[in-house]
Number of protein chains: 2
Amino acid sequence: MLDTILNHRTIRKYKNTPIEDHKLQEVLNAATRASTTGNMQVYSVIVTKNKAKKEALWASHFKQNMVLEAPVVLTFCADFNRFNKWCADRKADAGYDNFLSFYTASIDALLAAQNAALEAENQGLGICYLGTTTYMAEKIIDILELPKGVVPVTTVVVGYPDENPPLTDRLPLYAVVHYETYKEFSSDEINKLYSEKESLESSKQFVAENNKQSLAQVFTDIRYKKADNVHFSKEFLRIIEKQGFMKNEM
Amino acid sequence: MLDTILNHRTIRKYKNTPIEDHKLQEVLNAATRASTTGNMQVYSVIVTKNKAKKEALWASHFKQNMVLEAPVVLTFCADFNRFNKWCADRKADAGYDNFLSFYTASIDALLAAQNAALEAENQGLGICYLGTTTYMAEKIIDILELPKGVVPVTTVVVGYPDENPPLTDRLPLYAVVHYETYKEFSSDEINKLYSEKESLESSKQFVAENNKQSLAQVFTDIRYKKADNVHFSKEFLRIIEKQGFMKNEM
């Protein structure tokens, strides 16, 4: 396996060493080599290094410290703005103001993000994805001045690691891979699939610290709560519409 | 830059040589090393090798020949089914039946897909992404027997290449990268950004073959038409709801 893929760790502590410009250019160039739908490249990357901008992003990303610590923050956006302009200037009637187009552009942005993440690690840098991007899309749109046709979909912070965490646990391969048809798991099988994860010291600590009965409850009651998910679902759908991607009728 | 990233080409012609099992396992393992939201791993991969299944998928994917030719088809799915079962068995009240959860799971699936694609290329294999996955999600759900909580989001066909195409053109880096804030392009700038693409022999041929006045019109009138996008937007939103991801109220 590619060492870079095998050795991926999420880095949450960064040195304040800046990233050499040629390394950042390689990371961004790597992003552009990913597959995109019909080679339309309907995504953009916003690079944030400015301290004030980083502080604003930090506040939006639930004040996760790596946004301040890491020298570079990359916000990957679904983006039909540029493509639509190209079409408009060429008497081409663009029909990309709908949900499918948003989702297509999201795919472009996410494949590009993963290329960038891997190339950063290949350059000796560390990365962390921020899931808070979709929760706080509206604030991020304001900070980065994203116009119509552009929606932020994920964020990758990049910098020199100031920690060396071990590889993170994963479910056994047969938990996520199905052959020919999907096989739903029985309760016994679920127990087996999650037993290693549940028996980790870190998991037990999570459960104890949060006064819960199971690791699953830490997810449902603390980390990814229904009320938050419902709230951010409505918010994100509103933002997708506001940015011009919900005209789903002719 | 990682050679594997730099040398990526989409492969549309495949030898009928099967993929060695250890190589496929490396590809699947690589997928699982990608970052996932909260390490929940809310995605699945369905491996299709069976001839009848491949024929069914081929019909769904607009009869693109690589689905038949390539020995392995990998369908990447947003998947909360397994996680929800884990929660249910542990008295944890899962709140992952909403749009945000679907989108979160889509991110997991897409980052895993890109790891798989790169590892396949690292193993000497070729790949092609199929954008038709979201258009034809309902048919694919039937073929692969995907239960509630599972939505196919992209497909990667994998096999030994039977062609060696050149690198595909990309817009200049400054077309897709913005620093600190998004800068909208003027018509002059758009002309510059797209001039190389528009002057390619293959682009001119596209325009001529389709009796269009511009490359942009090939996209808007032939390849990615408004009527199709609107139709598939409604379809995909219906499927996301049908699979249990649109309860956006408490």
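Chain letters run A, B, ... following the sequence lines, proteins first and then strands; every chain starts at 1.
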* Structure fact -> Sequence neighbours excluded, the answer for side chain to side chain contact (heavy atoms under 4.5 Å, CB included) partners of A:Lys212 is A:Val207, A:Asn210, A:Gln217, A:Val218, A:Asp221, A:Ile222
* Asked: Is it the side chain or the backbone of A:Ala112 that comes within 4.5 Å of chain B heavy atoms, both, or neither?
  -> neither
* Structure fact -> Under 4.5 Å to a heavy atom of chain B? For A:Glu249 that would be both
* Asked: What about B:Phe83 and A:Phe219, are their ring centers closer than 6.0 Å?
  -> yes
* Around atom CG of A:Asp93, are there more than 12 heavy atoms of other residues, nucleotides or ligands at under 6.0 Å? -> no
* A:Tyr182 and its side-chain contact (heavy atoms from CB on, under 4.5 Å) partner, picked from B:Leu144, B:Val150, B:Thr75 -> B:Val150
* Chi angles and distances behind the side-chain contact (heavy atoms from CB on, under 4.5 Å) call for B:Gln25, A:Val177 -> CA-CA 10 Å; B:Gln25 294 307 307; A:Val177 177; over 6 Å; no
* Structure fact -> When the 4.5 angstrom heavy-atom criterion is applied to B:Lys49 and chain A, the contacting part is both
* Side chain, backbone, both or neither: which part of B:Ala88 has an atom under 4.5 Å from a heavy atom of chain A? -> neither
* Just checking, is any N or O donor in the side chain of B:Arg33 or A:Asn7 under 3.5 Å from an acceptor N or O on the other one? -> no
* Asked: How about B:Phe206: does its CZ atom have over 12 heavy atoms from other parts shown lying under 6.0 Å from it?
  -> no
* To do: Report the residues that fulfil side chain to side chain contact (heavy atoms under 4.5 Å, CB included) with B:Lys85, sequence neighbours left out, ordered by chain and then residue number.
  => A:Glu184, A:Ile190, B:Asn81
* Asked: Would B:Arg170 and A:Asn29 count as having a side-chain donor-acceptor pair, cut-off 3.5 Å?
  -> no
* To do: Step through it carefully: locate the ring centre of A:Phe102, locate the ring centre of B:Tyr103, and say whether they are under 6.0 Å apart.
  => yes
* Answer with side chain, backbone, both or neither: which region of B:Ser214 has an atom nearer than 4.5 Å to a non-hydrogen atom of chain A? => side chain
* Do B:Ser187 and A:Asp89 meet the criterion of a side-chain donor-acceptor pair at a distance under 3.5 Å? -> yes
* Structure fact -> With B:Asn229 as partner, the option from A:Asn98, A:Thr104, A:Asp97 fulfilling side-chain contact (heavy atoms from CB on, under 4.5 Å) is A:Asn98
